[in-house]
Amino acid sequence: MEIKRISDYIWEIPASEKEGMLVPARIYATDKLMREMDAGVLDQVTNVACLPGIQKYAYCMPDGHPGYGFPIGGVAAFSKEDGVISPGGIGFDINCGMRLIRTDLTVSEVTPRIRELVDLMFEIVPAGVGSKGFVKLSVEEFKRVMECGVDWCIENGYGWEEDRERIEENGCIQGADPSKISEKAISRGISQLGTLGSGNHYLEIQIATPDKIFDKAAARAFGIFENQVVVMVHCGSRGFGHQVATDYLRIFDTAMRKYGITVRDRELACAPFNSPEGQDYFKAMKCAANAAFANRQVITHRVRQGFSRILGRNPEEMGMHIIYDVAHNVAKLETHEVDGVEKELVVHRKGSTRCFGPGRKEVPEIYRNIGQPVIVGGSMETGSYLLVGTEKAMTETFGSTMHGSGRTMSRTKAKKGVMGAELKKRMEEAGIIVKAVSMSGLAEEAGFAYKSISEVVDTMEMAGISRKVVELKPIGNIKG
DNA sequence: ATGTGC
């Protein structure tokens, strides 16, 4: 396949390279990241470029790796009028996302209590495959969670009024319709509120690394200072979103025949956005997205309680404000400029993050003159970043950036590379106290199984899409 | 990612 170099950080596969491509594909990467990019990504991103109604380019971010149909790290925007919606472009874990909670505490106050803190968090935030939460819901209440997301949590004592505005979509995407959700999805999801899940999902206690505050103005706006303790939460909609995706992939299989859509790969199953099937999925997807916002909210409540119990002060006194919560597996209706015209588009982000620049109405008022906070998780050994969106992202990538490190090897291969117990020991020697449900699950998340987060972050910064605000280093990790 | 797969 011919790959054209557009700039130091942008590569393009012309639409002439594959039959059926409607737009070119663009990949953000340095030379090194491009050389190491899985060939499956190039195949998938050019398949996406063939989908009806796609606008401008099919994108892949530098953390890209192959996923179900679409690459993880993908961004694709479709015309609202004659484009499609595709579960493969959103991911099975609908509204998998990141939340960052700040504190006024410093490393020296927390380090002496870190083992107790990790132990307590492990106890009060259920993790692992099939884990159940502490919140008991009736079917009617669970449907309220689907419709209201974080609003339900705040009304029921799981959050502060101010939390709402510090969450993408205020923690509640309008238009969620629980009548579009199967019984099976309800039965899987009803007991999972406030749970982490497994895989690379985690709760991490981190430090704002000294000398690694890159953007002083943004750090000030986000309430970040050197040696500060913050808490990062990475999880999504658990079995609930997974079931929604499974249900609608089946429905879309037949819908595609009905609407005469052909795709290069069955995993690209989609339906016209304006069809009844497409709209039903969009409404169901919003239910799962709101459940995921609520999931991270209940976990936040427990994080505040846990810190309070160990440190003997109330969460308000410790300044435990949410900095931001942002999805990296979701489709949204957004207005973007295409060929000089403002258009409403169905923007699919799968393993990519919204990163709106200053001024956009979607950016909370408290951050509007700075830009939207972007939370990206590295591997548990290497650290994470808080970034900020830019003006350039709005014109180049539909206001989107990377989401994390991106795997470089399979889970099976990672497990062969290190034993869980050995990794745990190595991490403790490096000052990271880790408590995991599964030791083999821990090994799958070893740092060597991921791309370098700093390389990926630097790529997006040099491309002008998102800017580094601060690097965050882990001192405690809870995972499934 | 996921009550881990044909």
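This is a predicted model, so every value here is computed, not measured. Every chain is numbered from 1 and lettered A, B, ... according to where its sequence line falls, protein lines coming before strand lines.
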Result block: side-chain N/O donor-acceptor pairs under 3.5 angstrom for residues 48-59 of chain A, not counting sequence neighbours:
residue : atom : partner : partner atom : Å
A:Q55   : OE1  : A:K343  : NZ           : 3.0
A:Q55   : NE2  : A:G53   : O            : 3.0
A:K56   : NZ   : A:E337  : O            : 3.4
A:K56   : NZ   : A:T395  : O            : 3.2
A:Y57   : OH   : A:R26   : NH2          : 3.2
A:Y59   : OH   : A:E396  : O            : 2.7

Legend entry - Distance in angstrom units between A:D93 CG and B:dT4 C1', rounded: 14 Å

Legend entry - For atom CZ of A:R238 and atom P of B:dT2, their distance in whole Å: 5 Å

Inset, instruction - Only counting residues at least two apart or in another chain, list the ones meeting ring-ring contact (aromatic ring centres under 6.0 Å, His included) with A:Y9. - result: none

Inset, instruction - Quick one: label A:K132 by what it contacts on the DNA or RNA (base, sugar-phosphate, nothing), any heavy atom closer than 4.0 Å. - result: nothing

Legend entry - Atom pair distance, as rounded to whole Å: NZ in A:K479 and P in B:dT2: 10 Å

Legend entry - Spacing of A:Y68 atom OH relative to B:dT2 atom P, expressed in whole Å: 17 Å

Legend entry - Separation of atom CD1 in A:I94 from atom P in B:dT2, rounded to whole Å: 13 Å

Inset, instruction - Quick one: label A:R411 by what it contacts on the DNA or RNA (base, sugar-phosphate, nothing), any heavy atom closer than 4.0 Å. - result: sugar-phosphate

Inset, instruction - Mind calculating the distance between CG (A:N95) and P (B:dT2) to the nearest angstrom? - result: 13 Å

Inset, instruction - Could you check whether A:E444 gets within reach of a base, just the sugar-phosphate, or nothing at all, counting any heavy atom under 4.0 Å? - result: nothing

Inset, instruction - Check for a donor-acceptor pair, side chain of A:K184 on one end and backbone N or O of A:Q243 on the other, with a separation under 3.5 Å. - result: no

Inset, instruction - Check whether any side-chain nitrogen or oxygen of A:T246 sits under 4.0 Å from OP1 or OP2 of B:dT2, and answer yes or no. - result: no

Inset, instruction - Determine, for A:F398 and A:R349, whether the Lys NZ or Arg CZ falls below 6.0 Å from the six-membered ring centre while staying within 45 degrees of the axis. - result: no

Legend entry - For atom NZ of A:K184 and atom C1' of B:dT2, their distance in whole Å: 11 Å

